[in-house]
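Structure first, then comments.
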Amino acid sequence: MNFYVMTLFPDMIISGLNTSITGRAIDKGIISLNAVNIRDFTIDRHNHVDDYPYGGGAGMVMQAQPVYDCYKYIENKIKKKPRVIFMTPAGKTFNQEMAVNLAQEENIVFLCGHYEGIDERVLEMIVTDNVSIGDYVLTGGELPAMVMIDAISRNVKGVLNNEESAVTESFYQNLLEYPQYTRPETFMDKKVPEVLLSGHHANIERWRRNQSLLKTYNVRPDLFERAKLDKKDIKFLREQGIKINDK
Ligand code: ADE
């Protein structure tokens, strides 16, 4: 899987993703990361990539030409038309399902904007998807692109080892993770829940599932609505005084 990032700050992308699990996947050749500097494609003699907005207003707008030429350079390398994801707070909100689906692509190009935006004409010409990472405004698209690349990569075969993969399971069922504990058994008078020391696997599994259910119900009612509940889940939640409709 090949990631291309069109950006004015390639170092930010490279240094952010060349460490930890994504860094290991890049070293192994399971994913490749190409940060392409949009400024390298300017034909302005002062290397400018932005200009004042037509119609007036604050801020500067990134010009169409360097962005278009940067894209064409990547398209020529790939030799086919890739998905081009424009990072923008005005896009569809990124989620785990999108990460899983995008992990099937062979090539993905990210376009990171800065200043007040990018000339609409080039966006119309090259962008296939507009994606936001949440309802807040960042100074540029680099952090959002890095967030997406990290989340997508985890779903590419071979990126996570077996132990790391197992940890992902619960989110697929629209439930949040149960709490984890490690040694020592007592930390500042706080004890590890007894059941986890029991060695009784079925009880441990049930306890963890119950913790996930309660946590999701309390913290993310929107996710909880979509969670798949079985008979034991419903029984437990009713015992907790939580009203559940049988579907
Ligand atoms: N660019 C600026 N803010 C953003 C956000 N929240 N998501 C994606 N791209 C952005």
Side-chain angles (χ1 to χ4, degrees), residues 1-22 31 33-42 48-71 74-75 81-105 107-156 171 176 219-220 222-223:
M1 163 136 216
N2 307 302
F3 295 106
Y4 295 84
V5 185
M6 301 166 62
T7 170
L8 291 172
F9 301 99
D11 293 350
M12 187 173 170
I13 302 288
I14 299 294
S15 55
L17 292 169
N18 251 345
T19 48
S20 186
I21 293 174
T22 46
I31 59 174
L33 177 64
N34 309 273
V36 188
N37 196 338
I38 297 169
R39 201 178 297 280
D40 290 346
F41 296 85
T42 181
H48 289 160
V49 290
D50 58 333
D51 209 333
Y52 296 99
Y54 277 120
M60 303 290 272
V61 176
M62 275 168 74
Q63 291 173 292
Q65 174 271 318
V67 174
Y68 185 76
D69 289 352
C70 181
Y71 166 74
I74 295 167
E75 195 194 79
K81 281 203 189 311
R83 291 278 280 272
V84 179
I85 300 177
F86 177 43
M87 302 314 312
T88 166
K92 186 174 168 198
T93 309
F94 186 53
N95 61 24
Q96 183 67 17
E97 191 189 342
M98 287 159 80
V100 171
N101 290 336
L102 286 166
Q104 306 303 315
E105 299 284 334
N107 301 290
I108 304 179
V109 179
F110 292 90
L111 172 58
C112 305
H114 258 267
Y115 315 112
E116 288 308 299
I118 300 182
D119 191 305
E120 188 68 21
R121 292 166 294 185
V122 71
L123 297 179
E124 286 168 3
M125 291 164 80
I126 69 171
V127 172
T128 59
D129 305 76
N130 291 283
V131 181
S132 164
I133 60 159
D135 289 341
Y136 40 81
V137 181
L138 299 164
T139 53
E142 282 75 14
L143 286 169
M146 286 157 69
V147 165
M148 283 190 67
I149 292 169
D150 187 296
I152 294 166
S153 298
R154 306 178 75 254
N155 295 290
V156 173
F171 216 108
L176 303 178
V219 179
R220 290 289 306 275
D222 56 316
L223 266 190

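Atoms within a ligand are numbered from 1 in the order they appear, just like the ligands themselves.
- Counting only non-hydrogen atoms, the option in T93, N130, L138 that gets closest to atom 2 (C) of ligand 1 is L138.
- Summarising the geometry, atom CD1 belonging to I38 is positioned 11.0 Å from atom CD belonging to Q65; distances are rounded to the nearest 0.5 Å.
- Using a 4.0 Å cut-off to heavy atoms of G134, the atoms of ligand 1 that qualify are 6 (N).
- Residue contacts with ligand 1 for T139 are absent, since no atom lies close enough (heavy atoms, distance under 4.0 Å).
- At a 3.5 angstrom cut-off on N or O pairs, I133 counts as close to ligand 1.
- Note that the CE atom of M1 and the CD1 atom of I108 stand 3.5 Å from one another [nearest 0.5 Å].
- The CD1 atom of I118 sits 7.5 Å away from the CE atom of M6 when rounded to the nearest 0.5 Å.
- Residues T128 and P82 come closest through the heavy atom pair CG2-O, 4.1 Å.
- The existence of a salt bridge linking K92 and D129 is excluded, since no basic side-chain nitrogen approaches an acidic carboxylate oxygen closer than 4.0 Å.
- The protein atom (non-hydrogen) at minimum distance from atom 10 (C) of ligand 1 is P89 CD, 3.5 Å.
- Atom numbering of ligand 1 starts at 1 in the shown order; those under 4.0 Å from a heavy atom of V131 are 8 (C).
- Of the protein's non-hydrogen atoms, the one nearest atom 6 (N) of ligand 1 is Y136 O, 2.8 Å.
- When H114, R39, E142 are each tested for a side-chain hydrogen bond (donor to acceptor under 3.5 Å, both in side chains) with T7, only one passes: E142.
- To the nearest 0.5 Å, atom CG of residue D69 and atom OG1 of residue T42 are 9.5 Å apart.
- In P144, the part holding a heavy atom less than 4.0 Å from any atom of ligand 1 is the side chain.
- Each of the atoms 8 (C), 9 (N) of ligand 1 lies under 4.0 Å from some heavy atom of M87.
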